[in-house]
J.: 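Have a look at the structure that comes next, please.
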Amino acid sequence: MRKLFGLAITFALGLVIILALNNTVNFPAFGEVNLSERISGAYLSEDNVEEVGSANLVTSIVIGFRTFDTLGEVTVLFISSLGVAFILGRKKQKRMNLNFKPNFMLRVGSNILLAIILVTSFYIILHGHLSPGGGFPGGAMIASSVLLLYLADDRFRSNIKGFKLLEGFAGSLFVIIGLLGLVFATAFFANYLPTGTIGNFLSAGIIPIIYVLIGLKVGSEIAGIIDNFLTEEERA
Amino acid sequence: MIQYASIFLFVLGLYGLFINKNVIKLIVSLNVMEIGLFIFIISIGYVGDNAIAPIISNTQDLGLIYVDPLPQALVLTAIVIGVGTTALALAIAKSIYNTYQTFDLDEMEESA
Amino acid sequence: MTFFDFLSIVVGVLLLVIAFLAINSKKLINSVLFLSALSMLAVVAFVLMKAPDVAITEAVIGSGLVTSLFVFTLLSVREEKLK
């Protein structure tokens with residue numbers, strides 16, 4: 001009875017949302033949007049695209065126009081990984097017992113697969129300004145390669161101190177590159193390197209550098225979270 | 001169609017938050033709400049059947065019709081934030097289990 | 001009716017059905033696995049709406065990392081029950 005009542009109320013809420021949004025002036029119907037009336041039309045103009053120099057327009061917004069916003073989002077991820085470490089990793093740690101013995105094929109195969117995943121992730125990070133992808137999915141791929149190592153060997157523990165150092169290094173270099181924009185140009189995170197031709201590998205100024213740093217930071221943070229979840233307190 | 005589906009996905013997540021008493025189920029419901037919101041925000045930027053993904057090869061291509069890149073940029077970062085918040089919620093659920101030996105909110109109240 | 005309309009109807013109905021199953025399953029592990037399937041369907045929806053960046057990110061994170069975190073939490077709990 002309670003379930004049916006909840007279902008009825010929430011579906012009524014959904015109908016209200018649909019009716020409220022249905023084809024008003026501010027919210028046109030699905031697929032009938034005119035981009036020149038929106039703020040996004042400016043991002044597609046030739047002057048702005050050439051100013052940033054990135055072929056992938058999503059990257060040119062994430063790292064070009066809204067870099068300060070991205071800095072905030074990376075900070076949120078850092079704080080959440082700090083919270084996970086604070087809650088789960090207080091005492092002396094050992095690996096959680098997964099109750100299985102890895103055989104020879106699994107160990108060799110996981111090493112080969114690890115190399116393939118790492119190469120793919122670095123390709124995706126380095127081509128973030130040319131093709132779909134970038135620092136966020138590439139960093140998650142680095143973290144999933146660490147996850148593969150954890151799952152293939154029940155005694156493995158990655159060097160968490162090294163990941164923490166890498167994360168701090170990448171984060172502070174990200175801010176330092178932004179501060180250098182105040183020296184060489186006029187604003188925080190201004191693009192002071194030459195942008196080059198759109199579509200070349202060496203183009204778009206500071207965007208590939210920042211994306212590599214974001215990839216390393218995201219990857220080491222999520223790897224730290226995975227380590228916290230796969231370890232537990234040592235019982236006496 | 002897919003826009004209506006995303007709104008009802010959000011609403012289904014809210015329904016899950018109402019009826020479930022299990023902490024893990026609550027986090028799953030939050031994730032369902034999150035996915036519904038992502039699809040809705042992406043669907044705002046869809047321009048039409050003849051539009052293409054916002055990746056250009058040179059500046060002459062800018063005359064073509066592209067989908068809106070701004071909602072995609074917002075969702076791209078929001079997904080990564082989502083994994084951070086989910087991990088934090090699961091860590092809290094794990095420490096709740098260590099204290100009360102259960103995930104159920106009702107049993108927690110009885111044992112407290 | 002175009003191909004896009006047909007695919008979006010199929011994906012939309014499947015999204016709702018799998019979300020309902022994820023919320024209402026009795027077993028926790030089934031719920032988590034339906035959440036992973038929901039993420040994969042969301043990837044299909046993102047590709048349909050011409051958002052390749054978001055699709056790659058969701059495919060790596062939503063169906064891989066988040067599912068593994070849920071499964072690790074459930075595993076650690078089941079181990080404590082065995083002791």
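The sequence lines fix the lettering, A, B, ..., with proteins before strands; numbering per chain opens at 1.
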J.: Name the option with the most non-hydrogen atom pairs under 4.5 Å to chain B; the candidates are C:Pro52, C:Ala45, C:Ser31.
T.: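 Option with the greatest count: C:Ser31.
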J.: Between C:Leu38 and B:Asn31, is a side-chain contact (heavy atoms from CB on, under 4.5 Å) present by the stated rule, with each step listed?
T.: CA-CA 10 Å; C:Leu38 189 71; B:Asn31 268 290; over 6 Å; no
J.: With a 4.5 angstrom heavy-atom cut-off, which part of B:Leu26 approaches chain C: side chain, backbone, both or neither?
T.: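 Neither part, no heavy atoms under 4.5 Å.
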J.: So which heavy atom on C:Phe70 is nearest to which on B:Ile27, and how close?
T.: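 Closest pair (atom of C:Phe70, atom of B:Ile27, distance): CZ-CG2, 3.6 Å.
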J.: For B:Phe103, is it the side chain, the backbone, both or neither that has a heavy atom under 4.5 Å from a heavy atom of chain C?
T.: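 Answer is side chain: those atoms of B:Phe103 sit under 4.5 Å from chain C.
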J.: Count the heavy atoms belonging to other residues, nucleotides or ligands that lie under 6.0 Å from CZ of C:Phe4, then report whether that count exceeds 12.
T.: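 Yes, because the 6.0 Å sphere around CZ of C:Phe4 holds more than 12 heavy atoms from other groups.
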J.: Looking at C:Gly12 and B:Ala5, what are the two nearest heavy atoms and their distance?
T.: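 What the structure gives for the nearest pair is CA-CB, 3.7 Å.
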J.: Name the region of B:Val47, side chain, backbone, both or neither, that has any atom closer than 4.5 Å to a heavy atom of chain C.
T.: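 Neither part.
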J.: Between B:Tyr46 and C:Leu48, what is the shortest heavy-atom contact and its length?
T.: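 Nearest heavy atoms, B:Tyr46 then C:Leu48: CE1-O, 4.1 Å.
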J.: Would you compute the distance between atom OH of B:Tyr97 and atom CG of C:Leu74 and round it to the nearest 0.5 angstrom?
T.: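 B:Tyr97 atom OH to C:Leu74 atom CG measures 10.5 Å (nearest 0.5 Å).
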J.: Quick one: CD1 on B:Ile44 to CE on C:Met49, what's the gap to the nearest 0.5 Å?
T.: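 Reported to 0.5 Å precision, the distance equals 10.5 Å.
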J.: Would you give the length of the straight line joining atom OG of C:Ser25 to atom NZ of B:Lys25, rounded to the nearest 0.5 angstrom?
T.: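 Between C:Ser25 OG and B:Lys25 NZ, I get 6.0 Å after rounding to 0.5 Å.
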J.: With chain C, which of B:Val83, B:Val28, B:Ile35 has the greatest number of heavy-atom pairs at distances under 4.5 Å?
T.: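 Result: the option with the highest number of such pairs is B:Val28.
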J.: In Å, rounded to the nearest 0.5 Å, how long is the span from CG of B:Leu14 to CD1 of C:Ile23?
T.: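 Here the interatomic distance stands at 9.5 Å.
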J.: Does any backbone or side-chain atom of B:Val32 lie under 4.5 Å from a heavy atom of chain C? Answer side chain, backbone, both or neither.
T.: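 Both parts, backbone and side chain.
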J.: Let me know if C:Val11 has heavy atoms under 4.5 Å from chain B in its side chain, its backbone, both or neither.
T.: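 Side chain only.
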J.: Which ring pair (Phe, Tyr, Trp, His ring centres under 6.0 Å) pairs, counting each pair once, include a residue from residues 8-27 of chain B, with sequence neighbours left out?
T.: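 As it turns out, the ring pair (Phe, Tyr, Trp, His ring centres under 6.0 Å) pairs with a partner in residues 8-27 of chain B, which skip direct neighbours, are A:Phe11-B:Phe8.
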J.: Where does C:Ile61 contact chain B at under 4.5 Å (heavy atoms): side chain, backbone, both or neither?
T.: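 For C:Ile61, side-chain heavy atoms alone lie under 4.5 Å from chain B.
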J.: Side chain from CB out, backbone as N, CA, C, O: work out which of these in C:Leu28 comes under 4.5 Å of a heavy atom of chain B, or both, or neither.
T.: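 Side chain only.
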J.: Could you give the distance from CG (B:Leu88) to CG (C:Leu69), rounded to the nearest 0.5 Å?
T.: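 Separation between the atoms: 11.5 Å.
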J.: Test your reading of the model: is there a side-chain donor-acceptor pair from B:Gln72 to the backbone of C:Lys50, 3.5 Å cut-off?
T.: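 Yes: the side chain of B:Gln72 pairs with the backbone of C:Lys50.
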J.: Please rank B:Ser29, B:Pro71, B:Gly36, B:Ser43 by heavy-atom pairs under 4.5 Å with chain C and give me the top one.
T.: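 Highest number of heavy-atom pairs under 4.5 Å: B:Ser43.
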J.: With chain C as the partner, which of B:Leu17, B:Leu90, B:Thr86 has the greatest number of non-hydrogen pairs under 4.5 Å?
T.: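 Looking at each option in turn, the highest pair count goes to B:Leu90.
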J.: In Å, rounded to the nearest 0.5 Å, how long is the span from CD1 of B:Ile24 to CD1 of C:Ile29?
T.: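 Output value for this atom pair is 10.0 Å.
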